[in-house]
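The chain is numbered in sequence order, starting from 1.
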Amino acid sequence: MKSILYFFAFFFISTTLAQNTEVHLFDIKNTDGKLSLVNHRNVSNNDGYDNQPSFYNDNLLAFVSTRNNQTDIATFNIRDNKVSFINSTPNGGEYSPIKIPNSEDVSAVRLDNDGKQRLYRYNIKTGESTELIKDLVVAYYMWFDESTVISSVIENNGLNLFVTDINTQKSRKYATNVGRSFHKIPNSKLVSFVSKEDDKWLIKSLNPLTGETKIITQTLPNVEDMCWLINGCILIPSENRIYKFDPKKDTRFSIFKDFEDDNLQKINRITSNEIGTMLALVSEISPEGIVQKQIDAYNVRDIDAFMATYTKDIKLYNFPNDLRSEGQKAMKKSYKGFFENTPDLNCKILYRIVTGNKVIDHELVTANGSTFKAIAVYEVENALISKVTFIN
């Protein structure tokens, strides 16, 4: 069992730190009962894994953010537009920060480098931590009240639902094979969770006091992230859309927001504040976003930021398949001198086509007093450029 849990922890760390995700915040606008998302801002704006947002209050958004190759608890001050860090754990990383009810402190799952994974309490001012649940390997969770935690716990290489009294340290298992999303259901004393016991995943309600569960609806295929709005509607993200479902009157999900023109993709981890005026979500950086980041670094001749958008084994080709360069070392050596000796370097995008993981740019390049046109075909894998083909 210990080896299984250690493998899970190692896999989790490797997978999350390899992801390039950002936390986005929106205001929810209500126009005669019709809801829309406005005032979009990227609140993390950081290389690496930025994820798992939750509202500390109506001015602070908590999330985890990568720095020094580990994840720490960060907060975004909405009024001041500023990110701050609560803690720094030298031998581990935090996940899923949530404000503890009737307290200024936050809780988070800490995953130590030795594989130990537990739920901790953190002082928001000092970052000091204390263990909350000693005997359960908590993966995801929520607070029902100041002394009751509902969590998915790692058992036998799966996730099962437990309700734990923090004061007595007593836990009860109420469901098996569950997802990672737990939320209070508005205007009730129930919470929701995603059941994965069958091929078709279900959103269910749970009474934490009795353990009674009821089916609310079937979720979208293979989607487990969701949240509730104050009006009783469910929001579920899938790919570059958010879908809406009202359990009181709807029979199927409908499109609430399409982000096709907003450069957001693979949206997940969605949450709303208690009064329903803001929505936070997580999105992977799109291929177009990565390529544009590379162009921006190119235009200011920042070699480190430029190379940070490429994979270690990046391959550069002249069309159709003439290998020009392979690997970061060779590419950096070539471009470093070019950047240093070309003060007027600039690339303007005349036209761009995005198809799948490929970005095709028709570029107008200025270098050493000369201007020429070129076409570059970028291929993006895991949020990094892995191949470029130049067509002169």
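Taking the ring axis of Y120 as reference, the NZ or CZ atom of R110 stays within 45° of it and closer than 6.0 Å to the ring centre. A cation-pi geometry, defined here as NZ or CZ lying under 6.0 Å from the six-membered ring centre and within 45° of its normal, holds between K257 and F259. Cation-pi geometry between R252 and F245 is not satisfied (NZ or CZ under 6.0 Å from the ring centre, within 45° of the ring normal). Under a cutoff of 6.0 Å and an axis angle of 45°, K387 and Y317 form a cation-pi pair.
Scanning both residues, L279 and C227, for their nearest heavy atoms gives CD1-SG, 3.9 Å. When every heavy atom of N160 is checked against every heavy atom of N177, the shortest pair comes out as OD1-N, 3.1 Å. Taking every heavy atom of both residues into account, G48 and T66 meet most closely at C-OG1, 4.0 Å. Across every non-hydrogen atom of S96 and V64, the tightest pair is N-CG1, 4.0 Å. Summarising the geometry of T75 relative to I86, their closest heavy-atom pair is CG2-CD1, 3.8 Å, with the distance given to 0.1 Å.
With hydrogens and angles disregarded, no donor-acceptor distance shorter than 3.5 Å links the side chain of N156 to the backbone of G158. A distance-only check finds no donor-acceptor pair linking the side chain of D246 to the backbone of K244 [under 3.5 Å]. Remark: side-chain polar atoms of S44 are not paired, donor with acceptor, to backbone N or O of N46 under 3.5 angstrom. Put simply, the side chain of R241 never gets that close to the backbone of E239: no donor and acceptor are under 3.5 Å apart. In this structure, the side chain of T126 engages the main chain of E128 through a donor-acceptor pair within 3.5 Å. A donor-acceptor pair under 3.5 Å links the side-chain atoms of R301 to the main chain of F339, judged by distance alone. Within the 3.5 Å criterion, the main-chain N or O of F162 finds no donor-acceptor partner in the side chain of S171. Counting only distance, with no hydrogens or angles, the side chain of D114 and the backbone of K116 share a donor-acceptor pair below 3.5 Å. A donor-acceptor pair is defined here as one N or O able to donate and one able to accept, closer than 3.5 Å; no such pair exists between the side chain of E155 and the backbone of L136. Looking only at distances, no side-chain donor or acceptor of K348 sits under 3.5 Å from a matching main-chain atom of E363.
Under the 4.5 Å side-chain heavy-atom criterion for ILVMFWY residues, a single connected hydrophobic cluster contains both I385 and M331.
Atom CD of residue E340 and atom CG of residue L345 lie 12.5 Å apart, to the nearest 0.5 angstrom. Taking OG1 of T217 as the start and CG of L202 as the end, the distance is 8.0 Å to the nearest 0.5 Å. If you take NE2 on H183 and OG on S192, they are separated by 6.0 Å, rounding to the nearest 0.5 Å. Atom CG of residue L35 and atom SG of residue C233 lie 7.5 Å apart, to the nearest 0.5 angstrom. Taking SG from C347 and CG from D361, the interatomic distance works out to 7.0 Å, rounded to the nearest 0.5 Å. In this structure, the separation between OG on S325 and CG on L316 is 4.5 Å, given to the nearest 0.5 Å.
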Give the intermediate values and the outcome of salt bridge (charged side-chain N to carboxylate O under 4.0 Å, His left out) for residues D50 and R269.
-> CA-CA 11 Å; D50 302 282; R269 306 302 180 89; over 6 Å; no

Test salt bridge (charged side-chain N to carboxylate O under 4.0 Å, His left out) applied to R118 and D112, step by step | CA-CA 9 Å; R118 292 292 186 271; D112 294 333; over 6 Å; no

Go through the steps for E94 and T89 under the test side chain to side chain contact (heavy atoms under 4.5 Å, CB included), then give the verdict.
-> CA-CA 8 Å; E94 280 72 28; T89 303; 2.6 Å; yes

Applying side chain to side chain contact (heavy atoms under 4.5 Å, CB included), run through R121 and E131 and close with a yes or a no.
-> CA-CA 6 Å; R121 180 187 193 113; E131 196 172 6; over 6 Å; no

Show your reasoning for whether side chain to side chain donor-acceptor pair (under 3.5 Å) applies to D296 and Q294.
-> CA-CA 5 Å; D296 293 341; Q294 175 258 168; over 6 Å; no

Taking it one step at a time, do Y140 and L159 satisfy side chain to side chain contact (heavy atoms under 4.5 Å, CB included)?
-> CA-CA 9 Å; Y140 309 97; L159 295 178; 4.1 Å; yes

Would E104 and K99 count as a salt bridge (charged side-chain N to carboxylate O under 4.0 Å, His left out) if you check the C-alpha gap in whole Å, the side-chain angles of each, and the deciding distance to 0.1 Å?
-> CA-CA 7 Å; E104 293 185 352; K99 183 182 184 296; over 6 Å; no

CA sep, side-chain torsions, deciding dist, call: L206, E212, side chain to side chain contact (heavy atoms under 4.5 Å, CB included) | CA-CA 6 Å; L206 167 73; E212 180 184 14; over 6 Å; no

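With contacts defined as side-chain heavy-atom distances shorter than 4.5 Å, the pair D72/Q70 qualifies. Residues V377 and V359 have side chains not in contact (no heavy-atom distance under 4.5 Å, counting atoms from C-beta outward). Put simply, the side chain of M307 reaches to within 4.5 Å of the side chain of Q328, judged on heavy atoms. Between I242 and I236 there is no side-chain heavy-atom pair separated by less than 4.5 Å. Within the 4.5 Å cutoff, the side chain of F55 has no heavy atoms near those of the E274 side chain. Between L264 and L281, the closest side-chain pair of non-hydrogen atoms falls below 4.5 Å.
Remark: K170 does not engage D165 in a salt bridge, criterion side-chain N to carboxylate O under 4.0 Å. Using a cutoff of 4.0 Å between basic side-chain nitrogens and carboxylate oxygens, D27 and R41 are scored as salt-bridged.
More than 12 heavy atoms of other shown residues, nucleotides or ligands fall within 6.0 angstrom of atom CG in N368.
For the side chain to side chain contact (heavy atoms under 4.5 Å, CB included) test with F193, the passing option among I203, I150, T213 is T213; the others fail.
Between Y335 and Y298, the ring planes are perpendicular. Angles over 60° get that label, and only those under 30° would be called parallel.
No close placement of the F338 and F306 rings is indicated, their centers lying 6.0 Å or farther apart.
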